[in-house]
J.: 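Pasting a structure here, questions to come.
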Amino acid sequence: MALESIRYEPGSLQVLNQLLLPQQSRYEAVGSVQQAWEAIRAMKVRGAPAIALVGCLSLAVELRSGAGGPGPAELAAFVRDRLSLLVTARPTAVNMARAARDLGDAAAREAARDGATEEAVRERVICYAEDMLEKDLRDNRSIGDLGAHHLLDRAAPQGGKVTVLTHCNTGTLATAGYGTALGVIRSLHELGRLERAFCTETRPYNQGARLTAFELVYEGIPATLIADSMAAAAMAHRGVSGQQQVCVGPWVARTGPCDYSSSFMLPAVIVGADRVVANGDTANKVGTYQLAIAAKHHGIPFYVAAPSSSCDLRLETGQDIVIEERPGHELTDINGVRIAAPGIGVWNPAFDVTPHDLITGGIITELGVFAPKELRAALSTTLSGAGT
């Protein structure tokens, strides 16, 4: 059975409570926009694409139950109001904000048509939200295929397998399915060209250890979990390095003449994104920035994989991105048990910003793989048509 983070049919929405993974797999009903806001804020559902999907589908569920109105203009105003609430749940990820603008505009246009009816506005919004599921899955498969072939053309043009390192969770659990950065890893595996994936634990919420590791094991993809603080050492000593061929046989790194049947080819770091701005600066799960620095030091291509819906050309640089800060107890406690000294101060940003010049591999979208300096020109026509 395929792994699903979102289960939807007209009038019914369920989300996999990701706070319980990997110990429990439990789906919970989301019957309203308020319940979706609470699930997103609590991180029962997370990942920029999945946040937008759950938010918009929760609105579709409300509308199918008859909420909003009476009248087309009143319903369009109701739609905007509910979408505005959803945007406040987690402000750094742009997907929900973009979906709110686009869906709100679609409702307003439908309401302004000659002879507009409340039912027509309702159906327009519902169809838009439901279509997002299929589009996200289609985009993710394109990201996976384009990213895998770009990486292989650069890292292993003569054939062979590659090793990659990823951070946080960017797979089925963060999207409608397949994933972004983890989608690239899936595509490499399907091509028979993946040696191994390294995934970081991703403190403080451990999305890598709980979710990415869960997905990789579930699908039988060869993978190794490391602590966040081990990433640079892994780049230098465990085959995740672009500066020299490192042979592993088995799991003991050595340099010098290699048995290429057991060695790792030139690899990459591949991460997702919650917001990519016009110059290519990228907000992603905190810890991404230090990975990019370490990757550049070791000569490793650093890729960002994200749908165009995660690109925000209205913002010029990463300094303009609002960074969400999470409650301190998420860092000081694990499963309700205090692990930090009482009285210690806490700074707990959910994201950091990686400067564009550290994204040396490229930005992988469903439309192609672009250098950061190419992103604005490549996407401006497409995204300007979407109201950005």
Side-chain angles (χ1 to χ4, degrees), residues 2-3 47-49 135-200 208 212-213 215-224 235 239-242 260 263-273 276 280 282 284 288 291-292 295 299-311 359-372 374-375 378-379:
L3 190 62
K135 183 180 187 304
D136 187 65
L137 181 57
R138 184 171 62 250
D139 288 350
N140 292 339
R141 290 191 177 276
S142 295
I143 288 169
D145 291 343
L146 289 168
H149 285 99
H150 189 278
L151 171 58
L152 291 171
D153 288 345
R154 176 171 179 170
Q158 304 304 315
K161 296 184 177 183
V162 295
T163 298
V164 298
L165 185 149
T166 193
H167 185 56
C168 197
N169 174 259
T170 57
T172 292
L173 297 174
T175 65
Y178 207 73
T180 55
L182 201 54
V184 177
I185 291 172
R186 278 192 170 88
S187 291
L188 289 168
H189 180 63
E190 290 171 2
L191 291 169
R193 302 290 300 276
L194 178 73
E195 182 73 39
R196 180 163 295 272
F198 283 77
C199 62
T200 59
T212 298
E215 290 198 48
L216 292 167
V217 171
Y218 187 91
E219 300 203 10
I221 297 174
T224 298
M235 294 178 191
V240 189
S241 175
Y260 285 90
S263 65
F264 292 154
M265 299 294 290
L266 176 69
V269 176
I270 310 173
V271 301
V276 183
T282 295
N284 192 48
T288 301
L291 284 177
I300 299 171
F302 187 92
Y303 286 90
V304 169
S308 60
S309 59
S310 294
C311 299
I359 303 171
T360 55
I363 298 172
I364 308 165
T365 75
E366 76 277 14
L367 304 174
V369 183
F370 309 109
E374 300 170 337
L375 186 69
L379 299 186

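Quantities reported herein were computed from a predicted structural model and do not represent experimental measurements.
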J.: Looking only at non-hydrogen atoms, find the nearest pair between Pro157 and Ala155 and report the distance.
T.: CD-C, 3.5 Å
J.: Ignoring hydrogens, what is the shortest heavy-atom contact between Leu3 and Thr172? Give both atom names and the distance.
T.: O-CG2, 3.1 Å
J.: Report the C-alpha separation of Arg196 and Thr224 in whole Å, then their side-chain angles, then the decisive distance to 0.1 Å, and conclude whether the side chain to side chain contact (heavy atoms under 4.5 Å, CB included) test is met.
T.: CA-CA 7 Å; Arg196 180 163 295 272; Thr224 298; 3.0 Å; yes
J.: Checking Thr166 against Val269 for the side chain to side chain contact (heavy atoms under 4.5 Å, CB included) test, could you report, in this order, the C-alpha distance in whole Å, the side-chain angles of both residues, the deciding distance, and whether it holds?
T.: CA-CA 6 Å; Thr166 193; Val269 176; over 6 Å; no
J.: Is the side chain of Thr163 donor-acceptor paired with the backbone N or O of Glu195 at a distance under 3.5 Å, no angle test?
T.: no
J.: Excluding sequence neighbours, so at least two apart, what forms side chain to side chain donor-acceptor pair (under 3.5 Å) with Asn140?
T.: Asp136, Thr175
J.: What heavy-atom pair brings Ala305 and Val184 nearest, and what distance separates the two atoms?
T.: CB-CG2, 4.4 Å
J.: Could you give the distance from CE (Met235) to CG (Leu165), rounded to the nearest 0.5 Å?
T.: 5.5 Å
J.: With rounding to the nearest 0.5 angstrom, report the CG to CD1 distance, Leu182 to Ile270.
T.: 9.5 Å
J.: In chain order, what residues pass the salt bridge (Lys or Arg N to Asp or Glu O under 4.0 Å) check against Glu219, with sequence neighbours excluded?
T.: Arg186
J.: What's the separation between atom CD1 in Ile363 and atom CZ in Phe302, rounded to the nearest 0.5 Å?
T.: 10.5 Å
J.: Rounded to the nearest 0.5 Å, what separates atom OG in Ser309 from atom CD in Glu366?
T.: 7.0 Å
J.: Throw together a table of side-chain donor-acceptor distances under 3.5 angstrom for residues 141-149, partners on residues two or more places apart or in other chains.
T.:
{"residue": "Ser142", "atom": "OG", "partner": "Arg138", "partner atom": "O", "Å": "3.3"}
{"residue": "Asp145", "atom": "OD1", "partner": "Ser187", "partner atom": "OG", "Å": "3.1"}
{"residue": "His149", "atom": "ND1", "partner": "Asp145", "partner atom": "O", "Å": "2.9"}

J.: Roughly how far apart are Asp139 CG and Thr365 OG1, rounded to 0.5 Å?
T.: 8.5 Å
J.: Could you pull out the closest heavy-atom pair between Ile359 and Gly280, with the gap in Å?
T.: CD1-O, 3.2 Å
J.: List the steps, then state whether side chain to side chain contact (heavy atoms under 4.5 Å, CB included) holds for Lys161 with Leu194.
T.: CA-CA 5 Å; Lys161 296 184 177 183; Leu194 178 73; over 6 Å; no
J.: Would you check if Val304 and Ile364 make a side-chain contact, meaning some heavy-atom pair closer than 4.5 Å?
T.: no
J.: I'd like to know if the side chain of Thr282 and the backbone of Ala273 have a donor-acceptor N/O pair within less than 3.5 Å.
T.: no
J.: Can you name the side chain to side chain donor-acceptor pair (under 3.5 Å) partners of Thr212, sequence neighbours left out?
T.: Asn169
J.: Looking only at heavy atoms, what is the nearest atom pair of Pro301 and Gly361, with distance?
T.: CB-CA, 4.2 Å
J.: According to ring-ring contact (aromatic ring centres under 6.0 Å, His included), does anything in residues 153-193 pair up with another residue at least two apart or in another chain? List the pairs.
T.: none
J.: Output all residues satisfying side chain to side chain donor-acceptor pair (under 3.5 Å) with Thr170, sequence neighbours left out; order by chain, then residue number.
T.: none
J.: Is there a side-chain contact between Val271 and Thr180 in this structure, where contact means two heavy atoms from C-beta onward sitting under 4.5 Å apart?
T.: no
J.: Do Tyr303 and Leu151 come within less than 4.5 Å of each other through their side chains, counting heavy atoms only?
T.: yes
J.: Can you name the nearest heavy-atom pair linking Leu379 to Cys311, along with the distance?
T.: CD1-SG, 3.6 Å
J.: Checking Arg193 side chain against Leu188 main chain: does a donor-acceptor pair fall under 3.5 Å?
T.: no
